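The next block holds one structure in the form of structure tokens; read it before the comments.
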Amino acid sequence: MSSLLSCALPSEHDPRQWSRRKRWMIALIIWNLIAPIDLAMTFYSGVQGQIQDEFGTSNTLATLGIGLYNLGGVFGVLFGGPLSELYGRRPVYVVCSICFFVFSLGSTLAPNLSTLLVCRGLMGLLGSPIFAIYGGSVADLFTPEERGPVVALFTLVLQGAPTVGPVPSSFLGPIFPWRWLFGFITMWGGVLAAATILFVPETEPKNICRKIAESEGIVVDIKEVQSSKVWSRALLTPITMLRQEPIMIWTTLYHSFVFGLLFVLLEAYPLIYSTHYSMSREQADLVFIAPFIGNVLGVLIYFGYYKPQYEARQRIIQIESGGKTEIEPEARLPGVLLASLLGTYRVILVDVLSSAQTYTTFSPLFLVFRLGWE
């Protein structure tokens, strides 16, 4: 065949036709696979002091352990989409999970700061492609009507894991050496790499079609798929969407702002609490419990209020249109409108209420809690 196959999948090969239990098992493995990769971004912060003491380095150099991880993540996500189109989602999950485990082990056993920083950067670079394809896996496995709860759970781990990352490492840092704590992340990643290899099948429809054709003895020519056009299309499509879809660029800017603010607060809050409250860095990092609680409450509010509203709107459209179940994408936006309007207000209050004249113990804490809610 001269082109990539396009076929209707038989029910036994269609991911959306698999049993509910199997689909949720696959989704939860991917969900758990994201957790250590996301958590490792900020887990480092809670033991940074130990790393500085052991290697005799400055705070600026030690902080690169967070910066290089995020820098690697910026470039890593660019390759997730093209790789999943070329080879399927399963190979990307397997390779990324194994690479994350290997370089996490390297950072745990690092004999010097340079090795640690290189391994941290590679952990971010080779682990982050998963962030680019998990949404495709969710779309493969669940219909639009079923995705709401799954997306909420993935949002919780994506936003909550880096938010709460400094808390366990800060709490356990005075008790255990930093290598032991990094070893926990390594073992967690290793277990999930094994689970991915054993239990996560291919879910990308075109690659499933290709495998079916090959099993039936049909030779599939995939030169078109492996051409540079796939890479250029995959890399340029997000930029094109940002240029042509206002809803994309504004939601992207909003999420970028909130996520960037989190990493600013990783350094700002320990400074605020150590300056005004005479707390150690380990004690100050415990305030990041607050945004994690905000994340959890945000998900609960979605399940308890916004999801029923969305479903009611969907039923109304179905009745009025005589069976149409599609609903406008903007129907999901009310959940973030209030939080986005309060964003600037919150940042200003962080500055005002953290000053020496007006601070109270819970004022900055409440505001970082609001960050998690957003």
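Small disclaimer: the values here were computed from a predicted structure and weren't measured. All values below were derived from every heavy atom in this structure, side-chain atoms included, with hydrogens, water molecules and symmetry-related copies excluded.
- F199 and V94 fall into different hydrophobic clusters, defined by Ile, Leu, Val, Met, Phe, Trp and Tyr side-chain heavy atoms under 4.5 Å apart, directly or through other members.
- Residues P168 and F184 have side chains not in contact (no heavy-atom distance under 4.5 Å, counting atoms from C-beta outward).
- Cluster annotation: M187 is not connected to F101 through the hydrophobic network of ILVMFWY side chains, with a link wherever side-chain heavy atoms come within less than 4.5 Å.
- Tracing side-chain contacts under 4.5 Å through hydrophobic residues (I, L, V, M, F, W, Y), one never reaches V191 starting from V200; they form parts of separate clusters.
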Is there a side-chain contact (heavy atoms from CB on, under 4.5 Å) between E54 and L113 once you walk through the steps?
CA-CA 9 Å; E54 178 169 334; L113 183 64; over 6 Å; no
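- With hydrogens and angles ignored, the 3.5 Å screen pairs a side-chain donor or acceptor of E204 with a backbone N or O of N207.
- Two residues are said to be in side-chain contact when any heavy atoms from C-beta on lie closer than 4.5 Å; L61 and L64 meet this criterion.
- Residue C96 holds its SG atom at 10.0 Å from CZ of F131, rounded to the nearest 0.5 Å.
- The shortest non-hydrogen separation linking S128 to I37 is N-CG2, 4.5 Å.
- S84 and V92 make their closest contact through N-CG2, 3.8 Å (heavy atoms, listed as atom of the first residue, atom of the second, distance).
- Closest approach of S169 to G46, counting heavy atoms only: OG-CA, 3.2 Å.
- L116 is listed as a side-chain neighbour of S107, based on a closest heavy-atom distance under 4.5 Å.
- Checking side-chain atoms of R120 against main-chain N and O of G72 turns up no donor-acceptor pair under 3.5 Å.
- Checking S137 against D140 by side-chain atom types alone, no donor-acceptor pair falls below 3.5 Å.
- Taking 4.5 Å as the limit, some side-chain heavy atom of Y44 sits within range of a side-chain heavy atom of I51.
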Evaluate the side-chain contact (heavy atoms from CB on, under 4.5 Å) criterion for residues M25 and I29: first the C-alpha distance (whole Å), next the side-chain angles of each, then the deciding distance (0.1 Å), finally the verdict.
CA-CA 6 Å; M25 180 195 72; I29 291 174; 4.3 Å; yes
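- Minimum heavy-atom separation, R16 to A139: NH2-O, 2.9 Å.
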ring-ring contact (aromatic ring centres under 6.0 Å, His included) evaluation trace for Y134 with F154:
CA-CA 9 Å; Y134 82 89; F154 274 90; 5.1 Å; yes
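- The minimum heavy-atom distance linking F176 with L181 is given by the pair CB-CD2, 4.2 Å.
- Contact record, Y93 with L33: CD2-CD2, 4.0 Å, taken as the closest heavy-atom pair.
- Checking side-chain atoms of E146 against main-chain N and O of T143 turns up a donor-acceptor pair under 3.5 Å.
- In this structure, CG in L126 is found 12.5 Å from OG in S104, a value given to the nearest 0.5 Å.
- To the nearest 0.5 Å, the span separating CZ on R90 from CD1 on I133 amounts to 12.0 Å.
- To the nearest 0.5 Å, atoms OG1 (T186) and CZ (F100) are separated by 7.5 Å.
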Apply ring-ring contact (aromatic ring centres under 6.0 Å, His included) to W24 and F142, showing your working.
CA-CA 9 Å; W24 270 97; F142 300 95; 5.6 Å; yes
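- With hydrophobic clusters built from ILVMFWY side chains whose heavy atoms lie under 4.5 angstrom apart, L122 shares a cluster with L71.
- Note: F182 and W178 have perpendicular aromatic rings, judged against thresholds of 30 and 60 degrees for the angle between ring planes.
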Apply the test side-chain contact (heavy atoms from CB on, under 4.5 Å) to residues I197 and I98: give CA-CA distance (whole Å), side-chain angles for both, the deciding distance (0.1 Å), then the verdict.
CA-CA 9 Å; I197 294 170; I98 292 174; 4.0 Å; yes
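- At distances below 3.5 Å, at least one donor-acceptor pair connects side-chain atoms of R23 with backbone N or O atoms of L141.
- Each of L39, I66, N70, T42 was compared with P162 under the side-chain contact (heavy atoms from CB on, under 4.5 Å) criterion, and only T42 meets it.
- Tracing side-chain contacts under 4.5 Å through hydrophobic residues (I, L, V, M, F, W, Y), one never reaches V95 starting from L83; they form parts of separate clusters.
- A distance of 11.5 Å separates CG of L192 from CD1 of I30, quoted to the nearest 0.5 Å.
- Summarising the geometry, atom CD1 belonging to I185 is positioned 4.5 Å from atom CZ belonging to F43; distances are rounded to the nearest 0.5 Å.
- With respect to R210 and E202, no salt bridge is recorded, no charged nitrogen being found less than 4.0 Å from a carboxylate O.
- No side-chain donor-acceptor contact under 3.5 Å links S97 and T196.
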